[in-house]
Amino acid sequence: YDVRANWKLILQNYNECLHCPTIHPELSTKLPYTSGANDLIDGPFLGGYMEIKAPNDSATITGRACALPLGQLPAEEQRRAFYYALFPTMMLSLHPDYAVYYTVTPRTPTESLVTCDWMVHPDAPSQPGYNIADAEEFWDRTNRQDWHICEQSQLGILSRVYAPGPYSPRESVPAAWDREY
């Protein structure tokens, strides 16, 4: 994805979900933004999990799992998706049935390239019910919504009247990212 926004805005957007109910209608029905917790809130690895809302089994268009489980997971983690930022420019999304990592490459102070790489269990493509396109479409929609809001934020930051404000108490990870940066 070519995104007309600074790479730091993209990482900050990834690290908070207060925008999710208004920007991501599909995401919010599957992964409510208040459903999780942050488990890494200091240092170069930041993030946490969100609960996959029943009756959904995964973050896909249909809500169904699209591939074999990535591994043996404890019961409480079979319904969780984990989201981590690896400082400075990687975002990692781990789901029970697939994983995606995003690499953000700065091009200019106001332009970035985001590359997405997908991983599934090695046996998944040969199994009945394999449908990675279900997840790819879900995240393509969600990503495009994010990139749009990042581009809008970039325009606002370029304004001569822009002044940063304080973080909400629910934004511990973006604040930690700023401290690490």
Side-chain angles (χ1 to χ4, degrees), residues 1 3 5-20 23-24 27-28 30-53 58-60 65-107 109 111-122 124 132 135-136 138-140 142-143 145-147 149-150 153-154 157 164-181:
Y1 297 92
V3 184
N6 185 279
W7 65 277
K8 294 181 293 288
L9 284 175
I10 295 167
L11 270 289
Q12 282 190 322
N13 174 274
Y14 181 82
N15 284 306
E16 67 85 11
C17 206
L18 292 176
H19 72 277
C20 291
I23 303 297
H24 305 301
L27 177 67
S28 295
K30 307 227 176 16
L31 298 157
Y33 81 104
T34 57
S35 70
N38 293 325
D39 54 13
L40 296 174
I41 56 169
D42 192 33
F45 309 108
L46 302 166
Y49 69 88
M50 296 171 79
E51 300 284 346
I52 300 169
K53 182 179 178 182
S58 186
T60 60
C66 64
L68 293 174
L70 289 177
Q72 299 291 326
L73 297 172
E76 70 273 6
E77 292 187 4
Q78 292 174 13
R79 301 198 60 77
R80 287 183 176 165
F82 294 83
Y83 301 98
Y84 295 100
L86 286 69
F87 197 83
T89 59
M90 182 179 278
M91 304 175 297
L92 179 62
S93 300
L94 304 169
H95 301 85
D97 50 337
Y98 62 91
V100 185
Y101 67 93
Y102 303 86
T103 307
V104 184
T105 305
R107 289 198 162 154
E111 296 176 1
S112 303
L113 174 69
V114 181
T115 305
C116 310
D117 289 288
W118 290 78
M119 297 172 283
V120 296
H121 187 285
I132 195 64
E136 290 171 335
F138 179 83
W139 286 108
D140 181 59
T142 303
N143 290 336
Q145 293 161 350
D146 273 331
W147 311 152
I149 200 67
C150 288
S153 295
Q154 182 67 59
I157 287 169
Y167 284 111
S168 157
R170 290 197 55 87
E171 295 178 298
S172 61
V173 173
W177 196 91
D178 280 1
R179 284 192 304 273
E180 186 67 23
Y181 178 76

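Here the shortest heavy-atom pairing between Pro32 and Glu51 reads CD-O, 3.7 Å. Listed here is the closest heavy atom pair of Ser172 and Asn38: OG-ND2, 3.2 Å. When all heavy atoms of Ser153 and Leu9 are compared, the closest pair comes out as C-CD1, 4.2 Å. The two residues Pro109 and Asn6 have their closest heavy-atom pair at O-ND2, 2.8 Å. Of all the heavy atoms in Leu70 and His121, the pair that sits closest is CD2-N, 3.5 Å. Residues Phe45 and Leu40 come closest through the heavy atom pair O-CB, 3.2 Å.
By the 4.5 Å heavy-atom criterion applied to side chains, Val104 and Leu11 are counted as neighbours. Residues Leu113 and Val3 are not in side-chain contact: their nearest non-hydrogen atoms beyond the backbone lie 4.5 Å or more apart. For the pair Tyr84/Val173, no side-chain contact is recorded, criterion being any heavy-atom separation below 4.5 Å from C-beta on. Between Tyr101 and Thr115 there is no side-chain heavy-atom pair separated by less than 4.5 Å.
Interatomic distance, Ile132 CD1 to Trp118 CH2, rounded to the nearest 0.5 Å: 5.5 Å. Separation of atoms OG1 (Thr142) and CH2 (Trp147) is listed at 10.0 Å; rounding is to 0.5 Å. Residue Gln145 holds its CD atom at 8.5 Å from NE2 of His19, rounded to the nearest 0.5 Å. For the atom pair CG of Leu46 and CD of Glu180, the computed distance is 7.0 Å after rounding to the nearest 0.5 Å. Atom CD of Glu77 is separated from atom OH of Tyr49 by 9.0 Å, given to the nearest 0.5 angstrom. Atom CG of Leu18 is separated from atom OG1 of Thr34 by 10.5 Å, given to the nearest 0.5 angstrom.
Gln72 CD: 12 or fewer foreign heavy atoms inside a 6.0 Å radius.
With sequence neighbours excluded, the residues that form a disulfide (SG to SG under 2.5 Å) with Cys17 are Cys20. By the side-chain hydrogen bond (donor to acceptor under 3.5 Å, both in side chains) test, Asp178 is found to be paired with Gln12, Tyr167, residues two or more places apart in sequence or in another chain being considered.
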What donor-acceptor contacts under 3.5 angstrom involve side-chain atoms of residues 85-99, with partners at least two apart or in another chain?
residue : atom : partner : partner atom : Å
Ser93   : OG   : Tyr14   : OH           : 3.0
His95   : NE2  : Tyr83   : OH           : 2.9
Asp97   : OD1  : Ser58   : OG           : 2.8
Asp97   : OD2  : Ser58   : OG           : 3.1
Asp97   : OD2  : Cys66   : N            : 2.7
Tyr98   : OH   : Ala59   : O            : 2.6
Tyr98   : OH   : Trp139  : NE1          : 2.7

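Checking each of His24, Met50, Glu16 against Tyr33 for a side chain to side chain contact (heavy atoms under 4.5 Å, CB included) leaves exactly one that passes, namely Met50.
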* Please assess Asn143 against Val114 for the test side chain to side chain contact (heavy atoms under 4.5 Å, CB included), listing each intermediate value before the final yes or no. => CA-CA 10 Å; Asn143 290 336; Val114 181; over 6 Å; no

